[in-house]
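Only this structure's heavy atoms are used, side chains among them; waters, hydrogens and symmetry mates stay out.
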Amino acid sequence: MKDYIEERALEIANYIIEEKATVRKTANVFGVSKSTVHKDVTERLPKINPLISEQVKSVLEKNKAERHIRGGKATKIKYSTATVK
């Protein structure tokens, strides 16, 4: 694995842990695709640093469990602003 990929995977992992960020938000911040973020944290990171990988995994599992709530809020905001116009 190339050095810059390892560095990116660790930077992404630290960002997700510190910010409790989603894969989508992290991809936007780092300027990479969601697929790249997902591959970095699920396939590459466990080989680089298993402890950080477990921390990232717990954040991503929490985000996944809450995503239906965020989606509901977004839909509510979308339709409440659509009726105001």
Side-chain angles (χ1 to χ4, degrees):
M1 188 180 322
K2 296 185 179 181
D3 289 343
Y4 76 92
I5 294 174
E6 285 186 14
E7 290 174 13
R8 182 187 66 211
L10 288 171
E11 289 175 8
I12 285 173
N14 288 329
Y15 179 78
I16 289 173
I17 293 168
E18 290 172 8
E19 302 292 328
K20 308 281 188 231
T22 62
V23 170
R24 185 182 303 257
K25 181 179 175 186
T26 305
N28 284 335
V29 168
F30 284 87
V32 294
S33 71
K34 292 186 303 180
S35 299
T36 301
V37 171
H38 190 266
K39 185 165 186 156
D40 280 354
V41 298
T42 60
E43 293 180 22
R44 296 177 178 136
L45 191 59
K47 295 174 186 168
I48 299 169
N49 190 330
L51 292 176
I52 293 178
S53 175
E54 285 299 317
Q55 292 175 339
V56 170
K57 186 177 177 182
S58 69
V59 170
L60 294 181
E61 285 178 357
K62 182 181 176 194
N63 287 341
K64 187 176 179 181
E66 295 174 345
R67 70 182 173 187
H68 69 284
I69 297 169
R70 288 192 303 274
K73 287 181 180 177
T75 302
K76 182 178 179 181
I77 290 170
K78 176 183 174 184
Y79 286 107
S80 67
T81 57
T83 57
V84 174
K85 291 181 183 177

### Qualifying residue, where the test is side-chain contact (heavy atoms from CB on, under 4.5 Å) with Ile16 and the options are Ile52, Val41, Leu45, Thr22
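Checked Ile52, Val41, Leu45, Thr22 against Ile16; only one passes side-chain contact (heavy atoms from CB on, under 4.5 Å): Val41.
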
#### Entry: Sequence neighbours excluded, every pair satisfying side-chain hydrogen bond (donor to acceptor under 3.5 Å, both in side chains) that has a member inside residues 56-69
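Every pair satisfying side-chain hydrogen bond (donor to acceptor under 3.5 Å, both in side chains) with a residue in residues 56-69: there are none.
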
### Pairs flagged by side-chain hydrogen bond (donor to acceptor under 3.5 Å, both in side chains) wherever residues 40-56 is involved - sequence neighbours left out
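Non-adjacent pairs meeting side-chain hydrogen bond (donor to acceptor under 3.5 Å, both in side chains): Arg8-Asp40, Asp40-Arg44.
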
### Query
So which pairs with a foot in residues 33-64 pass ring pair (Phe, Tyr, Trp, His ring centres under 6.0 Å), sequence neighbours left out?
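Output for this query is empty, none listed.
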
#### Entry: Hphob cluster co-occupancy, Tyr4 + Ile48, side-chain heavy atoms under 4.5 angstrom
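Tyr4 clusters together with Ile48.
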
### Task
State, to 0.1 Å, how close Val29 and Tyr15 come at their nearest heavy-atom pair, and which atoms those are.
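Shortest heavy-atom separation between Val29 and Tyr15 comes out as CG2-OH, 3.2 Å.
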
### Message
Suppose we screen for side-chain hydrogen bond (donor to acceptor under 3.5 Å, both in side chains). Which residues come up paired with Thr36, at least two apart in sequence or across chains?
### Response
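Expected list: Ser33.
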
### Query
Say you draw a straight line from CD of Glu7 to CD1 of Ile12; how long is it, rounded to the nearest 0.5 Å?
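Here the interatomic distance stands at 12.0 Å.
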
### Residues in salt bridge (charged side-chain N to carboxylate O under 4.0 Å, His left out) contact with Lys25, at least two apart in sequence or another chain
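Partners of Lys25 by the salt bridge (charged side-chain N to carboxylate O under 4.0 Å, His left out) criterion come out as none, since no residue qualifies.
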
### Task
With sequence neighbours excluded, tell me which residues meet side-chain contact (heavy atoms from CB on, under 4.5 Å) with Lys34.
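Residues passing side-chain contact (heavy atoms from CB on, under 4.5 Å) with Lys34: Val23, Arg24, Ala27.
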
